[in-house]
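Right, one structure below, let's go through it.
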Amino acid sequence: MVLQMATRRAMSSLLNRSFRLLGGRGAGLASGSQRFGTAAALDEPITPPVEVKYTKLLINGQFVDSASGKTFPTLDPRTGEVIAHVSEGDTEDINRAVASARKAFDEGPWPRMTGYERSRILNRFADLIDKHSDELAGLETWDNGKPYEQSALAEVPTLSRLFRYYAGWSDKIHGLVVPADGPHHVQVLHEPIGVAGQIIPWNFPLLMFAWKVGPALACGNTIVLKSAEQTPLTALYAAKLLHEAGLPDGVLNVISGYGPTAGAALANHMDVDKLAFTGSTETGKIVLELAARSNLKPVTLELGGKSPMIILDDADVDKAVELAHFALFFNQGQCCCAGSRTFVHERVYDEFVEKAKARALRRVVGDPFKKGVEQGPQIDDEQFSKVMRYIKSGVNSGATLESGGDRIGNKGYYIQPTIFSNVKDEMEIAKDEIFGPVQSILKFKDIDEVIRRANATHYGLAAGVFTSNIDKANTLTRALRAGTVWVNCFDVFDAAIPFGGYKMSGQGREKGIDSLKNYLQIKAVVTSLKNPAWL
Ligand code: NAI
Ligand code: MG
């Protein structure tokens, strides 16, 4: 996720670096560019050294076929064509992976080694991520469709940063000695929780890998991770690098496969001690129920959102437009925390809509392997169709379509940056998570009204506020019921900042010190003291 965007200078130096490394070797990736923006993308392809090396399941340190021998295709969102066939895990593979993680936890070195030893392996992994950043970024873009410049400049550097952050925690996790009434020496031990089951989505495959795997490993757990069926490639690549860094076999097992089969088997497993999930609220409820019905494993959930982005009347409208544009359109609009309800004060509303429309028309949509492209295709046909349905619903419900509204080209899953004005709270497009490049702009009169309307949702993941009035900002940050409130910024993520949702946006927090709690058991050890006089 973003990640404060790198400067243009950093961007061009990184791209030059990858050009040098490539020496002109193409991977056959650049296809015809499709564009919406009038500010043309440079027609210059970027050709990272991308190659699909790993397609099998990773169980006990080995790449193996699925028990059924079945595979499934992973597709290039630019064209819908097959990139590779990947082993399809199901219940039997999950059972094998959990058995391997169980053995690695019960008998293996990982939970028993010192935190410092674990930190060295995680730091070596971070170094390997940096070394292979071009391949990782290329593979991420190929499988997911996000602009390569975003993968290379924001996501992969953040991936290594996150693992360095968790490497830093590995040798600083410890319990307490607490006083008690009576002749007792009381220790509160923090132990790893055991085998963690982790299910991740397709919108940020590598970052979701880090948010899940980082804290679990820092605390000494073992893992079975199920990647999203749309984007299985980078988790396998990253897991391989982690083994190269010295991770013992069986500590991280990676299963590619579908949700209702492999995912459900993991959530339902009696020998999985903890479950972490990111995805839709609907599926979050399913996995929570599976966890409850099986062995009551604790669950953390990071789910959907319908985050308000509130622009007050003192705002510099040009800056507000740019920020709100970024808050919604970043990552093709496929962000759980997207600022998808743009509330604008009535005094600046008309000017804002005009400028937001102009900005959307300038957005450069095209082949993510081309320089200067801001928006690639949506992930797949299902998401593409869902977004197009919501655009129709916006039109039918009487919102004003200011820009976009259509697909681009007839191949792949490109959608025009779309803006609706005159959106009303009760419209579907103002209530549901669209997860695409569709900005809904709503008008408000005063702060109390916007607080009430912004909070009138079952979601509570994030919110944005744009104002230079400190008192109004403070009022809003306290009143908004959301796990993150960004003031005069948006999508600022940092390894140390906790992230998660209120209400139906989730349970628990990821990143930061709070993420460690998800992966620790607490044990009280009470020892009778023979000589209480010395207490
Ligand atoms: P999803 O929630 O169904 O999938 C996310 C992960 O859960 C994938 O790994 C999937 O294989 C797995 N899964 C699906 N069904 C499962 C089941 N029954 N048991 C266990 N695991 C299961 O999300 P999907 O279908 O990819 O997208 C649907 C909508 O969800 C999107 O349009 C978007 O609104 C939202 N979404 C939110 C994300 C977030 O970051 N919070 C990420 C992806 C999607
Ligand atoms: Mg689904």
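Ligands are counted one by one from 1 in listed order, and the atoms in each one are counted from 1 as well. The analysis underlying the following values was restricted to heavy atoms, covering all of them including side chains, and did not include hydrogens, waters or symmetry mates.
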Original post:
Knowing that exactly one of N144, I129, L159, T158 qualifies, which makes a side chain to side chain contact (heavy atoms under 4.5 Å, CB included) with L206?
Top reply: L159
Original post:
A264 heavy atoms, cut-off 4.0 Å: which ligand 1 atoms fall inside?
Top reply: 19 (N), 20 (C)
Original post:
Out of L301, T283, I379, whose heavy atom sits nearest atom 15 (N) of ligand 1?
Top reply: T283
**OP:** Would you check if the distance from the ring center of W486 to the ring center of F326 is below 6.0 Å?
**Re:** no
Subject >> Interfacing atoms of ligand 1 (cut-off 4.0 Å, heavy-atom, G263) >> reply: 19 (N), 20 (C), 21 (N)
**OP:** With heavy atoms of P201 as the reference, note each atom of ligand 1 found under 4.0 Å away.
**Re:** 42 (C), 43 (C)
**OP:** Please could you name the atoms of ligand 1 that V287 approaches to less than 4.0 Å, counting only its heavy atoms?
**Re:** 19 (N), 20 (C)
Original post:
What are the atoms of ligand 1, with element, lying closer than 4.0 Å to any heavy atom of E302?
Top reply: 41 (N)
**OP:** For ligand 1, note which part of K386 has a heavy atom under 4.0 Å away: side chain, backbone, both or neither.
**Re:** side chain
Subject >> Options G259, P260, C337, ranked by nearest heavy atom to atom 21 (N) of ligand 1, top entry >> reply: G259
**OP:** Look at atom 26 (O) of ligand 1 and find which of F277, Y258, W202, F204 reaches it with the closest heavy atom.
**Re:** W202
Original post:
Can you check whether F209 and F204 have ring centres sitting under 6.0 Å from each other?
Top reply: no
**OP:** Considering the heavy atoms of C336, write down every atom of ligand 1 situated less than 4.0 Å from one of them.
**Re:** 39 (C), 40 (O), 41 (N)
Original post:
Is it true that Q230 lies under 4.0 Å from ligand 1, counting heavy atoms only?
Top reply: yes
**OP:** Check whether any N or O atom of E433, backbone or side chain, sits under 3.5 Å from an N or O atom of ligand 1, and answer yes or no.
**Re:** yes
**OP:** Under 4.0 Å from a heavy atom of Q383: give me the atoms of ligand 1 that qualify, with their elements.
**Re:** 27 (O), 28 (C), 31 (C), 32 (O)
Original post:
Should the proximity of L303 to ligand 1, defined as any heavy atom under 4.0 Å, be assigned to the side chain, the backbone, both, or neither?
Top reply: backbone
Original post:
Which atom pair, heavy atoms only, marks the closest approach of N253 to A97?
Top reply: ND2-O, 3.6 Å
Original post:
With a cut-off of 4.0 Å, which atoms of ligand 1 are near a heavy atom of E229?
Top reply: 8 (C), 10 (C), 11 (O)
Subject >> Best match, I200, D380, I199: closest heavy atom to atom 12 (C) of ligand 1 >> reply: I199
Subject >> Salt-bridge contact E322-R359 (side-chain N to carboxylate O under 4.0 Å) >> reply: yes
Original post:
Testing T91, V98, L225 for side chain to side chain contact (heavy atoms under 4.5 Å, CB included) with L266, which one passes?
Top reply: V98
Original post:
When only distance counts, is E382 in polar contact with ligand 1, meaning an N/O pair under 3.5 Å?
Top reply: no
Could you tabulate the donor-acceptor pairs under 3.5 Å formed by side-chain atoms of residues 54-62, not counting sequence neighbours?
from: K56; atom 1: NZ; to: D65; atom 2: OD1; distance (Å): 3.3

Subject >> K212 to Y519 six-membered ring, cation-pi geometry met (6.0 Å, 45°) >> reply: no
Original post:
So, for F369 and W142, is the gap between ring centers shorter than 6.0 Å?
Top reply: no
Original post:
Of all heavy-atom pairs between E433 and K386, which one has the smallest distance, and what is that distance?
Top reply: O-NZ, 3.2 Å
**OP:** Determine whether E135 and Y237 make a side-chain contact, defined as any pair of heavy atoms from C-beta on separated by less than 4.5 Å.
**Re:** yes
